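Remember, it's a predicted structure, so these values are computed and weren't measured experimentally.
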Amino acid sequence: MENGKIIIRPRELICAIFIFLMPLSLYLEINFRVPLVAYSDEILCVISILFILYYSLFHSLKGKSLVFLLLIVIVTVIGFAGNLFSEVITNYFPILIDAIAFLKLFVPFLVYHVIAIYDKDHFIFRYLVPFSKFLILSGSFFGLISLFVNIGMSGEKRYGIRSYNFVFGNTGGGSRYGFMLFCCLLILATTNIPLKKYRIYEILVIFNIIIITKGASMVLAVCYIVLVLMWRYSKTYKFTVSNVVGIAIAGIGFSSYQINTYLRDQESPRMRLIRYGAVTANTYFPLGSGFATYASDQANKNYSPLYYEYGFHKKFGMSPGNTSFLNDGYIGMVIGEFGWIGAILFVALIVMVFIYINKSGILGKHAKALTIAIYISLIISTLGTAIIKSNIGVMCFSVLGVISGYSYSAELKKEKSSNST
């Protein structure tokens with residue numbers, strides 16, 4: 001709204017609506033079993049693919065954006081080639097769905113980056129400010145009540161309190177809720193909100209993270225707090241080796257339970273998925289087993305033949321009757337389905353995302369700290385959760401895409417200003 005008038009910019013509004021749809025679809029899927037809305041992330045992916053094809057043909061991608069797109073295409077081709085040569089599954093439908101599940105992280109990120117460059121007044125995020133404030137405030141209100149009264153928003157007891165999940169369910173809902181909150185705080189950090197008001201929302205988000213009591217959410221908070229403290233006297237907000245060391249020390253301290261439970265135990269489902277991901281890559285060297293064959297959602301739903309071969313059908317949470325742990329190994333999926341070559345190229349994609357967002361310091365200290373915290377936490381989550389490939393993972397990548405576009409635009413503006421003087 002400017003001068004009392006509501007300004008509608010269709011392209012930016014559609015971008016904002018799809019980001020809003022991610023948490024809404026999770027809420028509707030968990031609480032009302034609405035199937036159509038649950039596919040909002042896949043729909044966004046298909047639209048993004050069409051947009052980037054149009055943009056590439058009529059406007060042309062250049063520089064690192066072109067390299068990024070080529071890497072996406074190459075990894076996707078490797079996935080399909082893996083299906084062709086491994087013949088683990090031959091049904092094309094789950095293969096296609098699994099390919100979209102891979103693409104829905106990176107293609108929307110690129111599309112949001114491109115669109116945000118031309119969104120000079122940050123309309124995408126401005127449209128999302130009311131939702132961001134509402135989620136933080138309402139979540140905090142019910143979270144406070146849940147500390148004293150069970151109103152159906154809490155799960156198992158951890159650290160002396162019941163794990164809070166707001167309206168997003170007990171199975172991973174708390175961790176995903178934590179990522180939503182940090183995306184909302186990042187949206188507020190890039191607007192013209194006064195610092196005192198921002199501090200209020202910041203405190204409320206940290207309060208929510210504490211009562212969520214989930215490791216993935218704790219990593220988010222720790223990364224953010226460490227970076228803000230390290231950059232308190234800095235003007236450039238550069239991400240350095242000392243930042244990595246500080247985050248690692250604090251993260252290990254706060255994640256000792258998860259490390260001991262999920263990673264040090266070689267027979268835990270997460271470690272088993274990672275270990276047999278390497279086995280799959282070696283068996284189907286060099287291209288991997290292909291889409292929908294290992295540790296992916298479609299491999300879970302169609303119960304991959306590899307799981308019988310590896311004896312997963314005899315393990316709790318990994319059997320055909322109970323597949324609750326089979327979605328918890330994203331890094332195992334990358335190694336197994338894409339092979340070692342595809343996994344290296346996938347890492348290159350992740351590194352390029354960091355290159356895109358690393359200049360977000362131009363938007364301010366808090367925006368940079370939040371951006372890096374979300375990025376690092378998403379990468380760490382691949383070891384033991386399915387957050388990155390969920391609709392909330394897509395929400396995070398979309399928000400990071402917007403941030404990278406805004407950062408690039410601000411940097412260009414700064415360079416033009418310095419050149420003109």
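When all heavy atoms are compared, the tightest approach of G178 to I209 is CA-CD1, 3.9 Å. What you find for I380 and V219 is that their closest heavy atoms are CD1-CG1, 3.8 Å. I72 approaches F106 most closely through the heavy-atom pair CD1-CB, 3.6 Å. Residues I341 and P286 come closest through the heavy atom pair CD1-CB, 3.8 Å. Across all their heavy atoms, G143 and I211 have their closest contact at CA-CD1, 3.7 Å. N327 approaches S296 most closely through the heavy-atom pair OD1-C, 3.6 Å.
With hydrogens and angles left out, the side-chain atoms of S289 and T280 include no donor and acceptor closer than 3.5 Å. Side-chain atoms of H113 and S404 include a donor-acceptor pair closer than 3.5 Å.
For the pair K104/F397, no side-chain contact is recorded, criterion being any heavy-atom separation below 4.5 Å from C-beta on. In this structure, F312 and R272 have side chains that are in contact, with non-hydrogen atoms separated by less than 4.5 Å. Within the 4.5 Å cutoff, no side-chain heavy atoms of F18 are placed close to those of V394. Contact check for I95 versus N91: no side-chain heavy atoms found under the 4.5 Å cut-off. Contact check for K133 versus V129: side-chain heavy atoms found under the 4.5 Å cut-off. Between T191 and H122, every side-chain heavy-atom pair lies at or beyond the 4.5 Å cut-off. Contact check for L69 versus S56: side-chain heavy atoms found under the 4.5 Å cut-off. A heavy-atom distance below 4.5 Å is not found between the side chains of F325 and L273.
The line from CG of L110 to CG of L66 is 9.5 Å long, rounded to the nearest 0.5 Å. Distance check, rounded to the nearest 0.5 Å: CZ of F142 to CE of M153 gives 5.0 Å. We find the CD1-CD1 distance between I124 and I19 to be 6.5 Å, quoted to the nearest 0.5 Å. Rounded to the nearest 0.5 angstrom, S146 OG and L144 CG are separated by 9.0 Å. Atom SG of C223 and atom CZ of F182 lie 9.0 Å apart (nearest 0.5 Å). Between the OG atom of S217 and the OH atom of Y164 there is a distance of 12.5 Å, given to the nearest 0.5 Å.
Side-chain N or O atoms of Y303 include one that pairs as donor or acceptor with a backbone N or O of H313 at under 3.5 Å. When atom types are taken as modelled, the side chain of E337 and the backbone of T293 share a donor-acceptor pair closer than 3.5 angstrom. A donor-acceptor pair under 3.5 Å is absent between the side-chain atoms of T323 and the main chain of L326, judged by distance alone. For N208 (side chain) and L204 (main-chain N/O), a donor-acceptor pair under 3.5 Å exists by modelled atom type. Checking side-chain atoms of S154 against main-chain N and O of N150 turns up no donor-acceptor pair under 3.5 Å. Proximity of a side-chain donor or acceptor of D98 to a complementary backbone N or O of A292 within less than 3.5 Å is detected. Side-chain N or O atoms of S65 include none that pairs as donor or acceptor with a backbone N or O of L61 at under 3.5 Å. In this structure, the side chain of N358 does not engage the main chain of F354 through any donor-acceptor pair within 3.5 Å. Not a single donor-acceptor pair under 3.5 Å links the side chain of Y330 to the backbone N or O of A295. Counting only distance, with no hydrogens or angles, the side chain of S360 and the backbone of S407 share no donor-acceptor pair below 3.5 Å.
Listed by first and then second residue, the salt bridge (Lys or Arg N to Asp or Glu O under 4.0 Å) pairs involving residues 347-370 are K359-E411 (not counting sequence neighbours).
Shown here is Y408, whose OH atom has no more than 12 heavy atoms of other residues, nucleotides or ligands within 6.0 Å. Residue F85 qualifies as open at atom CZ: its count of foreign heavy atoms under 6.0 Å is 12 or below.
D121 and R9 are joined by a salt bridge, as a carboxylate oxygen and a charged side-chain nitrogen come within less than 4.0 angstrom of each other.
A tilted orientation is assigned to the rings of F109 and F68, their planes being inclined by 30° to 60°. Aromatic ring orientation, H366 versus Y224: tilted (interplanar angle from 30° to 60°).
Aromatic rings of F102 and F338 (six-membered ring for Trp) have centroids within the 6.0 Å cut-off, being under it.
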*Check the pair F20 / Y127 against ring-ring contact (aromatic ring centres under 6.0 Å, His included), numbers first and verdict last.*
CA-CA 10 Å; F20 166 74; Y127 288 133; over 10 Å; no
Handout entry: ring-ring contact (aromatic ring centres under 6.0 Å, His included) between Y276 and Y294, intermediate numbers included
Key = CA-CA 9 Å; Y276 278 94; Y294 185 78; 7.8 Å; no
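Remark: R126 qualifies as a cation-pi partner of F123 under the 6.0 Å distance and 45° angle criteria applied to the six-membered ring.
Tested against M395 for a side-chain contact (heavy atoms from CB on, under 4.5 Å), the candidates P108, S40, P23 yield a single pass: P23.
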